[in-house]
Chemist: 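Here's a structure for you.
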4 protein chains.
Amino acid sequence: MNALVYHGAGKKAWEEKPKPVITKSTDAIVKILKTTICGTDLHIMKGDLPEVKDGRIIGHEGVGIIEETGSAVSNFKKGDHVIISCVTSCGKCENCKRGMYSHCADGGWILGYMIDGCQAEYVRIPHADNSLYPIPAGSDEEALVMLSDILPTGFECGVLNGQVKPGDTIAIVGAGPVGLAALLTSQFYTPAEIIVIDVDDNRLAVAKTFGATQTINSSKENAVEKAMALTNGKGVDVAIEAVGVEATFEICTEIIAAGGHVANIGVHGKSVALHMETLWSKNITITTRLVDTVTTPMLYKTVQAKKIEPKKLITHHFRLDQVIEAYDTFGNAAKEKALKVILTNEG
Amino acid sequence: MNALVYHGAGKKAWEEKPKPVITKSTDAIVKILKTTICGTDLHIMKGDLPEVKDGRIIGHEGVGIIEETGSAVSNFKKGDHVIISCVTSCGKCENCKRGMYSHCADGGWILGYMIDGCQAEYVRIPHADNSLYPIPAGSDEEALVMLSDILPTGFECGVLNGQVKPGDTIAIVGAGPVGLAALLTSQFYTPAEIIVIDVDDNRLAVAKTFGATQTINSSKENAVEKAMALTNGKGVDVAIEAVGVEATFEICTEIIAAGGHVANIGVHGKSVALHMETLWSKNITITTRLVDTVTTPMLYKTVQAKKIEPKKLITHHFRLDQVIEAYDTFGNAAKEKALKVILTNEG
Amino acid sequence: MNALVYHGAGKKAWEEKPKPVITKSTDAIVKILKTTICGTDLHIMKGDLPEVKDGRIIGHEGVGIIEETGSAVSNFKKGDHVIISCVTSCGKCENCKRGMYSHCADGGWILGYMIDGCQAEYVRIPHADNSLYPIPAGSDEEALVMLSDILPTGFECGVLNGQVKPGDTIAIVGAGPVGLAALLTSQFYTPAEIIVIDVDDNRLAVAKTFGATQTINSSKENAVEKAMALTNGKGVDVAIEAVGVEATFEICTEIIAAGGHVANIGVHGKSVALHMETLWSKNITITTRLVDTVTTPMLYKTVQAKKIEPKKLITHHFRLDQVIEAYDTFGNAAKEKALKVILTNEG
Amino acid sequence: MNALVYHGAGKKAWEEKPKPVITKSTDAIVKILKTTICGTDLHIMKGDLPEVKDGRIIGHEGVGIIEETGSAVSNFKKGDHVIISCVTSCGKCENCKRGMYSHCADGGWILGYMIDGCQAEYVRIPHADNSLYPIPAGSDEEALVMLSDILPTGFECGVLNGQVKPGDTIAIVGAGPVGLAALLTSQFYTPAEIIVIDVDDNRLAVAKTFGATQTINSSKENAVEKAMALTNGKGVDVAIEAVGVEATFEICTEIIAAGGHVANIGVHGKSVALHMETLWSKNITITTRLVDTVTTPMLYKTVQAKKIEPKKLITHHFRLDQVIEAYDTFGNAAKEKALKVILTNEG
């Protein structure tokens with residue numbers, strides 16, 4: 001088969017690799033129908049995650065068809081269409097039992113990272129019963145690719161951890177795909193005001209069409225002052241960090257109201273300053289989370305009921321064998337006005 | 001009457017002041033029976049809180065007798081014995097209605113800070129109906145002084161925010177009075193292991209008698225390594241910060257298990273480094289809180305039912321007119337082996 | 001002034017009564033601008049609530065203008081426009097402090113029941129600071145009449161107690177005004193499917209326009225069988241009872257899925273059979289609640305942000321002095337296709 | 001091997017049966033070390049559960065040694081000592097993923113009911129990875145038999161569902177083994193007062209030694225009047241039903257305070273009257289639950305930390321081959337003063 005392979009910082013190739021095989025009775029082999037590229041994949045390609053080895057097939061999102069199942073797999077059979085979760089979960093360790101699949105003792109985020117991933121014609125999925133979700137016939141499978149990672153990430157790490165409530169005023173800092181996923185899913189809880197903050201006017205314009213009631217370009221305005229003015233000096237009930245750098249994290253902790261929630265989604269590479277000299281008495285809650293994908297079934301129901309349109313996040317389409325070109329487009333997101341790209345395996 | 005008066009950094013006096021009078025219909029004047037000194041009072045005396053004005057009567061804890069009530073006070077009448085809450089709450093602003101009395105629009109922590117306080121023969125209590133709690137005849141009033149501040153602070157900011165559960169392994173960093181209050185009240189939820197970390201062997205010995213199952217002297221051992229070893233490398237479910245400096249805060253964020261809660265109680269003067277480069281994916285929750293004293297009635301019930309003995313926290317007794325001497329003792333806590341001191345108004 | 005006065009079962013009159021006066025420092029006198037009639041008022045008029053005395057002015061909903069305030073009222077002043085809450089709360093008793101205003105020691109639902117109410121030119125509101133809500137200039141005051149009772153009742157007793165979640169399948173049994181209020185506010189949480197059950201085709205048609213995804217006329221179809229069929233035999237996640245009789249309550253307990261929530265709103269006059277022989281092992285939760293109106297500020301924000309249109313519930317308009325005629329219309333709701341009526345004080 | 005076999009209502013025998021074998025790759029065969037008898041087993045033996053077939057081996061509790069594992073079992077290996085959970089859970093169906101193992105699509109309570117059980121020398125455990133819990137060397141295995149069913153049942157159905165909080169006044173109606181398990185585990189949350197109600201003075205005396213602060217013999221006193229008097233007419237915060245008949249259920253709903261929780265544990269054979277004519281406005285919550293055993297790991301930690309002594313529940317010991325005699329003793333619990341019996345397999 002062919003797959004996108006990482007060969008060290010800055011080097012990748014679409015090349016032939018052995019088709020994966022069942023190695024444990026709980027595995028399934030899935031033929032990829034559609035996959036996508038994540039911001040994390042760009043980091044891997046730059047060499048920011050040195051634990052990723054030369055030769056690794058990248059990608060942790062997609063929908064596909066079951067090609068083969070191990071003897072202990074009971075939820076799926078050959079021919080079933082499935083959503084691949086970015087997080088692998090055994091379902092029987094202490095962390096899985098408490099719903100924290102991201103810290104599964106025999107899984108977590110490993111796909112396209114510690115084991116071969118989804119930007120390939122076939123992928124091996126460990127603990128298939130717990131790590132795949134069935135797709136009924138007639139579903140819009142392209143939309144469901146957004147359930148592999150981006151929607152549960154925005155929803156769990158941002159919206160659920162932030163405890164968005166009806167009538168709230170919330171801020172989302174960062175309008176990339178994950179911030180926009182938080183924007184879409186935050187509306188499940190009917191906040192009154194949604195302030196989106198970014199440095200890219202195009203993304204802010206998209207945010208407006210996705211439901212933002214206010215936008216702030218933090219490269220042109222003082223985001224903290226503007227957000228405080230918009231909230232009559234009170235601050236926001238929930239601040240969702242969807243970038244992963246100190247500057248955006250600090251915006252969140254500066255605009256949070258007393259009693260509010262700061263929900264971090266962003267992947268950080270460095271420590272940030274936490275201003276406990278003012279925050280100690282503000283009765284705030286700060287959360288971090290690697291997505292658990294426990295809400296995939298819930299999100300699936302909202303998609304089927306047309307309460308959310310995940311396809312809004314898709315801006316570009318490629319064939320799977322055009323994956324290098326797709327990386328170029330996704331890697332120049334601002335210039336290309338790219339959010340999520342869809343790669344279709346036409347093989 | 002006589003009162004302890006702050007006269008700028010390093011200067012205080014036990015001197016005559018006018019007896020307070022009712023200024024609003026919701027006020028009550030309380031004759032102090034017993035009061036105490038808080039670590040925060042020491043900070044005020046050092047000049048660390050420059051917003052405190054020369055002439056201010058200090059102190060925000062105590063029990064007393066109602067001397068007079070404003071016309072709108074309905075819960076209390078002259079002669080009633082009451083616990084004075086350190087937090088004043090109007091009961092009718094947005095924050096009071098959500099139980100966040102600490103951020104009351106016409107109250108919060110103001111006693112002995114923005115208005116005259118309790119280290120005096122009489123004190124004026126605004127919003128008396130919401131800021132005082134009745135003491136039935138026959139109660140041990142000395143024990144109930146601990147309900148003004150220290151027990152609700154340890155319980156709300158540390159134990160409740162930390163979400164201590166049966167079977168948990170928890171750590172309390174700092175074994176001063178507030179850390180020990182967290183230690184006592186954490187046991188309401190039956191954690192399996194309680195690790196207490198401090199630099200003072202005497203306080204650690206006290207912690208042992210109060211229910212700590214393990215103690216670590218962080219001046220002699222590497223607290224992080226020891227705590228990780230005690231938890232088989234997993235970390236603690238809840239880490240309670242009861243000091244208020246970066247070093248102790250960092251111990252908490254380094255020993256917290258995936259999915260765990262860091263509950264800050266300490267009053268911080270500076271920012272701290274938050275290691276988001278590792279924490280972003282650890283699914284943790286960090287909370288801050290100025291005590292709301294919403295749990296005072298709950299705590300009162302546990303005291304009356306003898307589920308907790310707050311008097312354990314009391315190490316020294318003085319007459320109220322010996323308050324200067326009491327400050328000396330409390331200010332040399334390590335040497336004097338002092339936790340809480342009780343000042344009795346024998347007038 | 002003129003007011004609608006109850007004179008025993010079946011007897012009411014629009015007649016002159018003394019204008020109310022301040023009797024406690026926490027009272028306010030409110031000039032009614034708009035009021036409405038509640039299903040409970042019909043029960044009172046029939047004599048179903050014998051504790052209501054001859055001579056009582058009825059009504060517990062409305063918006064108005066502050067005419068006068070007692071000396072202890074600080075949130076409002078003469079001329080302020082306000083929403084009158086159907087529940088009076090002192091804000092300082094044990095139940096108010098835990099947010100259960102319905103069981104306030106000096107309040108609860110007393111307006112137009114134990115004390116004179118709102119179907120009058122003026123009304124005295126006890127504990128005004130806690131029992132009134134400010135209306136900013138420029139608001140649509142007719143819509144805000146729905147915040148006095150019907151919206152918080154549907155929301156708190158039905159939606160919040162039922163714990164409606166994104167993606168849920170819920171059923172609302174009873175499509176009268178309160179059931180429809182539950183229908184509107186349930187959508188704050190984005191359920192996937194909303195099944196509304198009633199015996200009146202007109203109300204079911206209204207329910208469809210309000211967001212119901214399925215309707216069942218239980219006088220024509222077996223509601224339990226139909227609901228089970230619609231849920232593939234699994235039952236509903238949440239069943240909201242909005243009638244108050246055994247038949248509708250039993251529909252709820254028969255169609256509830258394992259792990260589901262039955263939220264009762266209906267006012268019951270008799271006991272109901274609870275089928276514990278099957279329910280004991282179904283892991284269900286049943287809740288009852290007299291509305292607390294703790295969510296009035298939250299609901300107000302959703303109205304201001306146009307997330308909900310309460311005016312949809314208003315079908316008829318009258319002058320306040322036409323209140324007898326309005327009762328006739330509202331009392332023949334099915335025939336008149338009446339939901340809520342608005343009575344405007346043009347005086 | 002030998003096993004206790006049900007042969008229709010009133011007929012049972014200790015007789016030879018084939019040793020169980022692995023039938024699915026997720027099975028384990030466990031050699032029983034210690035088992036016990038449950039009240040439900042008595043119901044089966046009387047023929048109250050007609051779905052139990054002639055020839056069924058009874059029993060759903062015990063500790064044992066892994067004899068053999070299917071190829072997909074990864075948490076356990078031959079020789080491991082394990083606690084057998086009364087509930088079998090696959091870990092991968094919708095209900096297991098939400099922690100409701102009792103309604104597992106391929107499990108739930110089936111052991112000694114729909115499949116052969118634990119009152120035998122060997123038992124086959126389906127979904128072994130999720131349905132067994134490891135026992136470290138040196139544990140008191142007799143105590144751990146209480147973790148199979150009785151402790152999680154009392155804790156989950158009674159204490160957790162009842163939401164017992166520090167300072168609460170709670171009532172437990174029924175002082176049989178499961179009521180006593182609720183009594184023991186309720187103390188994890190430090191209620192101030194625990195009122196235990198039963199008709200057997202011996203059991204009430206046991207309840208006193210287990211932590212009850214008040215006891216009421218409802219055959220000698222009016223339990224409702226007494227409980228209301230003990231709570232100054234307010235009622236209890238939590239009422240736990242641990243019998244399963246209408247009379248005891250009604251005690252719970254009559255003594256519950258406004259805002260309180262009625263947590264049903266009892267297995268009911270008939271419907272009960274629910275007095276909605278008074279309860280509709282009392283803001284109460286009623287829960288039912290078949291134990292999920294999700295808290296077994298939590299409970300295990302509390303046992304290991306000596307926060308609870310489950311052995312208190314054990315009154316009699318027998319050899320496994322004396323099981324018929326053990327049934328006689330357990331079946332005459334009042335006369336024999338029996339709580340839980342331990343059956344030891346000495347083979």
Side-chain angles (χ1 to χ4, degrees), chain C residues 40 48 87 94-95 98-105 108-109 156-157 161 163 165 234-235 237 241 243-246 248-250 253 256-292 294, chain D residues 40 48 87 94-95 98-105 108-109 156-157 161 163 165 234-235 237 241 243-246 248-250 253 256-292 294:
Chain C
T40 307
D48 292 350
V87 163
E94 186 180 345
N95 284 333
R98 63 197 274 214
M100 196 165 66
Y101 303 164
S102 59
H103 291 76
C104 170
W109 175 44
E156 294 178 9
C157 308
N161 272 17
Q163 298 182 27
K165 295 184 308 299
K234 196 190 143 193
D237 299 303
E241 207 283 347
V243 180
V245 300
E246 185 173 42
T248 47
F249 186 84
E250 283 202 22
T253 56
I256 195 70
H261 293 80
V262 173
N264 186 82
I265 313 179
V267 177
H268 291 254
K270 297 180 185 169
S271 73
V272 302
L274 184 66
H275 292 285
M276 290 296 282
E277 71 277 21
T278 54
L279 295 172
W280 76 268
S281 63
K282 277 195 81 174
N283 297 39
I284 66 160
T285 301
I286 300 170
T287 54
T288 72
R289 187 169 181 174
L290 178 59
V291 65
D292 294 302
V294 280
Chain D
T40 307
D48 292 349
V87 163
E94 188 181 342
N95 284 332
R98 63 197 275 212
M100 196 165 66
Y101 303 163
S102 58
H103 291 76
C104 171
W109 175 44
E156 294 178 11
C157 308
N161 272 17
Q163 297 182 30
K165 296 184 307 300
K234 195 189 144 194
D237 299 302
E241 206 284 348
V243 180
V245 300
E246 186 174 41
T248 47
F249 186 84
E250 283 202 21
T253 56
I256 195 71
H261 293 79
V262 174
N264 186 81
I265 313 178
V267 178
H268 291 254
K270 298 180 184 168
S271 72
V272 301
L274 184 65
H275 292 285
M276 289 297 280
E277 71 277 21
T278 53
L279 295 172
W280 76 268
S281 62
K282 277 195 80 173
N283 298 38
I284 65 160
T285 301
I286 300 170
T287 54
T288 72
R289 187 167 182 176
L290 179 59
V291 65
D292 294 302
V294 280

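So you know, we letter chains A, B, ... as the sequences are listed, proteins then strands, and number each from 1.
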Chemist: So which part of C:Ser102 gets closer than 4.5 Å to some heavy atom of chain D, the side chain, the backbone, both or neither?
Modeler: side chain
Chemist: Restricting to non-hydrogen atoms, name the atom on C:His275 and the atom on D:Ser271 that form the minimum distance, rounded to 0.1 Å.
Modeler: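 Looking at all heavy atoms of both residues, the shortest contact is ND1-CB, 3.6 Å.
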Chemist: What's the shortest heavy-atom distance between D:Arg98 and C:Ala258, and which atoms?
Modeler: NH1-O, 3.8 Å
Chemist: What part of C:Glu94 gets within 4.5 angstrom of chain D, counting heavy atoms only: side chain, backbone, both, or neither?
Modeler: side chain
Chemist: Where is the tightest heavy-atom contact between C:Asn283 and D:His103, given as atom of each residue plus distance?
Modeler: OD1-CE1, 3.1 Å
Chemist: Using heavy-atom distances under 4.5 Å, tell me whether D:Asn161 contacts chain C through its side chain, its backbone, both, or neither.
Modeler: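 Neither; nothing under 4.5 Å.
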Chemist: Under a 4.5 Å cut-off applied to non-hydrogen side-chain atoms, are D:Asn264 and C:Leu279 in contact?
Modeler: no
Chemist: Of all heavy-atom pairs between C:Met276 and D:Lys270, which one has the smallest distance, and what is that distance?
Modeler: CB-O, 4.0 Å
Chemist: Out of curiosity, D:Thr287 OG1 to C:Ile284 CD1, how far, rounded to the nearest 0.5 Å?
Modeler: 9.0 Å
Chemist: For each of D:Thr288, D:Val262, D:Asn95, D:Thr278, tally heavy-atom pairs with chain C at distances under 4.5 Å, and name the one with the top tally.
Modeler: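 Heavy-atom pairs under 4.5 Å are most numerous for D:Thr288.
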